[in-house]
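Contents: one structure, followed by commentary.
Proteins get letters first, then strands, A, B, ... in listed order; numbering begins at 1 in each.
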Amino acid sequence: MNDAVKRNNFIEDIIDEDLEKGLDQKKLRFRFPPEPNGFLHIGHASAICLNFGLGQKYGQPVNLRFDDTNPAKEEAKFVDAIKNDVEWLGYEWDTLCYASDYFQQLYDWAVQLIRDGKAYIDSQSSVLIAEQKGTPTEPGIDGPFRNRSVEENLALFEGMKNGEYGESEHVLRAKINMQSTNMLMRDPILYRVVDRAHHRTGTDWKIYPMYDWTHGESDYIEQISHSFCTLEFLPHRELYNWFLDQVVDTEKVRPKQREFARRNVSHTVTSKRKLQQLVESGVVNGWDDPRMTTISGLRRRGYTADSIKNFAESIGIARRENLVDMNHLEYHLREDLNKKADRVMCVLDPVKLVITNYPDGKSEIMDAENSQEDETRGYREVPFSKELYIEREDFMESANKKYFRLTIGKEVRLKNAYIIKGESCVKDADGNITEIHATYDPDSKSGSGTEASMRRVKGTLHWVSKEHAVPVEVRMYDRLFTVPSPDTDKEKEFMEFVNPDSLTTITAMSEPAMQHLKVGDTVQFQRLGYFCVDPDTTQDLMVFNRTVTLRDTWAKVENPDD
RNA sequence: UGUCCCAUGGUGUAAUGGUAACACAUCGGUUUUUGGUACCGUCGUUCAAGGUUCGAGUCCUUGUGGGACAACCA
């Protein structure tokens, strides 16, 4: 961004304040701590940009840490996908960490807690434990095992660790305060038995630490100076600090948890659970379906890493509820693609156009500019001939003055070719136009420099030569949800707002030069939008995803209600 | 009938007690071999009431509205 006045966000204020109070800048250290239980989405992208952006701003390291304390939900494939996404965004982590690397240390600290009389084994059912915990408005009560002896606690904990007990028989709880107004302080569980293989530690452990016990201590082990998380963890801060108090060495950096509001984007859901539901219900074809606002879905759709980073930067970070309009994301996408994408011509809804005064059998090669934004991208060759395809909606027999396209008796320019004039059209029995006839001005060839070629005509159409056209599959995407905020309705489930027309597959006619494109390449279909080559492309058929349309002010004139 | 968090144009974010601003969106115009881009302009904002102060979006009080908290999830 070219802001002369780049202002701090409140997170940077917190850091600057700590620096002013004497924290050595070299002690600054951040982390991005995903749980490997699903794919990262656009909300995570914001958090990644925040943490790694801070690392870049202050010139200090950022760790990628997998919060992998629940083997029932986590899988190695998600670890790989997450690493790939972070790298694709263009960030480099300092150290790749796993909370599971700290299992032994966490266990040792837990034993210490028991020795100090600050943790105990509870042998009640989860139902009873929940009952005794009270509610947000009512205090909890002490359970019957709260005052077990240190020896008994130690022996039971050891037994849990050695796999002598089944799931739910015993848990280790911190002994804090069952009457606290903060429910998280009502003797939170530190360890539970989980009889599942872990993606990294296998069956080494029978017990697994809970989030609260793990997260702050992991930050401390890694000497993270500032641990940023979303607002829902705000009540956890008190517990985060209590756990830190039990182990902290004042010589070392004491991590500081601070919270920011998660970013919500309109017309989508940003919750791993809900995204998973879309995948499992078959509404979309996987986590990387181009309609998904997962990072991998956006990538496949044709979003660039820069567009996502610019988006994250521009929406900023704060502590209030928000719903960022999807068009904000699309603005940054178009802005980036406009600079980067070559232009090509492709007709999505073809209708035949015959240039009646053009010689039969003749064809010529036109030079077409690859980018109006960047001359250095050069030219490509586009064949022209008597029979062409143009877009069906680019012709009307008669139309009002606002319509700049082809009508009978009016002139338009064929992009990179000639100026033509509509003469007549042929219809089938149902009145559908099957063929349009036009005449061309032979002196008006684009780039010829003749007076005729410089003539000003209002409309310019894209086209492809019928004989040279190559059919391609194009997947036209629309928003996945029909309402801005599908998951906040009080009565309806978010799945009820799925847009049934979020994907339409068509066969389009492309100019031959497009055959050289490779999977992942993005081009602008002139006058239509940005499209990228999908991995489903085969030797015989190219498959394109519509990344985003161009802004279309004509559509607004046509359908003012949209 | 508890504790905590939040409240600035339609949306998002700034203004750090001293002239309320930036981006997107809207609407209009200029340029244009993309009804794109670029450029210019337009519209419109401090939840309410009290208080402190020479001066309050900012500090205090009380309301109002929204949100979080009762997983052996993270």
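- Using a 4.0 Å heavy-atom distance criterion, A:K490 is classed as a sugar-phosphate-only contact.
- The pairing partner recorded for B:G18 is B:C54, the criterion being a Watson-Crick or G-U wobble arrangement whose two distances lie under 3.5 angstrom.
- For A:Q524 and B:U34, a side-chain-to-base donor-acceptor distance below 3.5 Å is present, hydrogens and geometry of angles not being considered.
- When the side-chain nitrogen and oxygen atoms of A:R319 are compared with OP1 and OP2 of B:C6, one or more of them lie within a distance under 4.0 Å.
- Figure legend: cation-pi geometry between A:R319 and A:F260 absent, as NZ or CZ is not positioned both under 6.0 Å from the six-membered ring centre and within 45° of its axis.
- Close placement of the A:F157 and A:Y107 rings is indicated, their centers lying within 6.0 Å of each other.
- Both distances falling under 3.5 Å, in either a Watson-Crick or a G-U wobble arrangement, occur for no nucleotide opposite B:U37.
- Side-chain N/O atoms of A:T460 include none lying less than 4.0 angstrom from OP1 or OP2 on B:U32.
- As a whole-Å value, the separation of A:I42 CD1 from B:G12 P is 16 Å.
- You'll find the ring centres of A:F233 and A:Y240 outside the 6.0 Å limit.
- In this model, the phosphate group of B:G35 is approached by a side-chain N or O of A:R527 to a distance below 4.0 Å at OP1 or OP2.
- Aromatic rings of A:F66 and A:F78 (six-membered ring for Trp) have centroids beyond the 6.0 Å cut-off, not under it.
- When the C1' atom is used for both B:C22 and B:G44, the distance is 14 Å, rounded to whole Å.
- Nearest nucleotide to the side chain of A:A318, out of B:A14, B:G36, B:A25: B:A14.
- Separating the CD atom of A:Q372 from the P atom of B:U33 is a distance of 11 Å, rounded to the nearest angstrom.
- The phosphate of B:C22 has neither OP1 nor OP2 within less than 4.0 Å of any side-chain N or O from A:R7.
- Phosphate proximity of B:U13 to A:R263: present, with a side-chain N or O under 4.0 Å from OP1 or OP2.
- At a threshold of 4.0 angstrom between heavy atoms, the contacts of A:K402 include nucleobase atoms, whether or not backbone atoms are also involved.
- Aromatic ring centroids of A:H44 and A:F39 lie 6.0 Å or more apart.
- Between A:K556 and the phosphate of B:U26, there is a side-chain N or O to OP1/OP2 separation shorter than 4.0 Å.
- Rounded to an integer number of Å, the gap from CZ of A:R343 to P of B:U33 is 15 Å.
- For the C1' atoms, the distance from B:A25 to B:G9 is 11 Å, rounded to whole Å.
- Pairs engaging residues 160-171 of chain A under the side-chain hydrogen bond (donor to acceptor under 3.5 Å, both in side chains) rule: A:S123-A:H170 [sequence neighbours left out].
- For A:N322 and B:G9, the CG to C1' distance is 17 Å, given to the nearest whole Å.
- The residue A:G140 sits apart from the nucleic acid: no heavy atom pair falls under 4.0 Å.
- Here the C1' atom of nucleotide B:C24 and the CZ atom of A:R334 are 12 Å apart, to the nearest Å.
- Nucleotides B:C39 and B:U52 have their C1' atoms positioned 48 Å apart, rounded to a whole Å.
- Shown here, B:U1 forms no base pair; nothing in the strands shown gives a Watson-Crick or G-U wobble contact with both key distances under 3.5 Å.
- Remark: A:D195 CG is loosely packed, at most 12 non-hydrogen atoms of other residues, nucleotides or ligands lying under 6.0 Å away.
- Distance A:N370 CG to B:U34 C1': 14 Å, rounded to the nearest Å.
- Ring centers of A:Y220 and A:F243: at least 6.0 Å apart, outside the cut-off.
- Enclosure of atom NZ in A:K421 is not indicated, since only 12 or fewer non-hydrogen atoms of other residues, nucleotides or ligands lie within 6.0 angstrom.
- Distance noted for atom P between B:C69 and B:A20: 39 Å (whole Å).
- Between B:A56 and B:A48, the distance separating the two P atoms is 15 Å to the nearest Å.
- Atom P of B:G12 sits at a distance of 25 Å from the matching atom of B:U19, rounded to the whole Å.
- Closest-nucleotide positions on RNA chain B for A:N416 and A:R551 were compared, and the one nearer the 5' end corresponds to A:N416.
- Considering only side-chain atoms of A:D13, the nucleotide from B:U16, B:U26, B:U34 that sits closest is B:U16.
- Within the shown strands, B:C6 is the pairing partner of B:G65 under the Watson-Crick or G-U definition, both distances less than 3.5 Å.
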For this session: Mark up nucleotides 68-74 of chain B, 5' to 3', with B wherever a protein heavy atom is under 4.0 angstrom from a base atom, S wherever such an atom reaches only the sugar-phosphate, and - elsewhere.
Result: -BB-BSB
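- Spacing between B:A15 and B:G2 at atom C1', rounded to whole Å, works out to 36 Å.
- As the counterpart of B:G44, no nucleotide is assigned, since no Watson-Crick or G-U wobble pattern has both distances under 3.5 Å.
- Nearest-nucleotide positions on RNA chain B place A:Y331 closer to the 5' end than the other of A:Y331 and A:Y403.
- Per the geometry, CD1 belonging to A:I390 stands 13 Å off P belonging to B:G35, to the nearest Å.
- With rounding to whole Å, A:K458 atom NZ is found 12 Å from B:U33 atom C1'.
- Side-chain N/O atoms of A:R456 include one lying less than 4.0 angstrom from OP1 or OP2 on B:U32.
- Ion pairing between a basic and an acidic side chain is recognised when a charged N comes within 4.0 Å of a carboxylate O; A:K256 and A:D18 show such pairing.
- Looking at heavy-atom distances under 4.0 Å, A:L323 makes contact with sugar-phosphate atoms alone, never a base.
- Residue A:E369 is out of contact with every strand shown, counting any heavy-atom pair closer than 4.0 Å.
- In summary, the side chains of A:S100 and A:D68 do present a donor paired with an acceptor at a separation below 3.5 Å, with no hydrogens or angles considered.
- Below the 3.5 angstrom threshold, one finds a donor paired with an acceptor across the side chain of A:R320 and the base of B:U8.
- B:G29 and B:G66 are spaced 41 Å apart, taking the C1' atom of each and rounding to whole Å.
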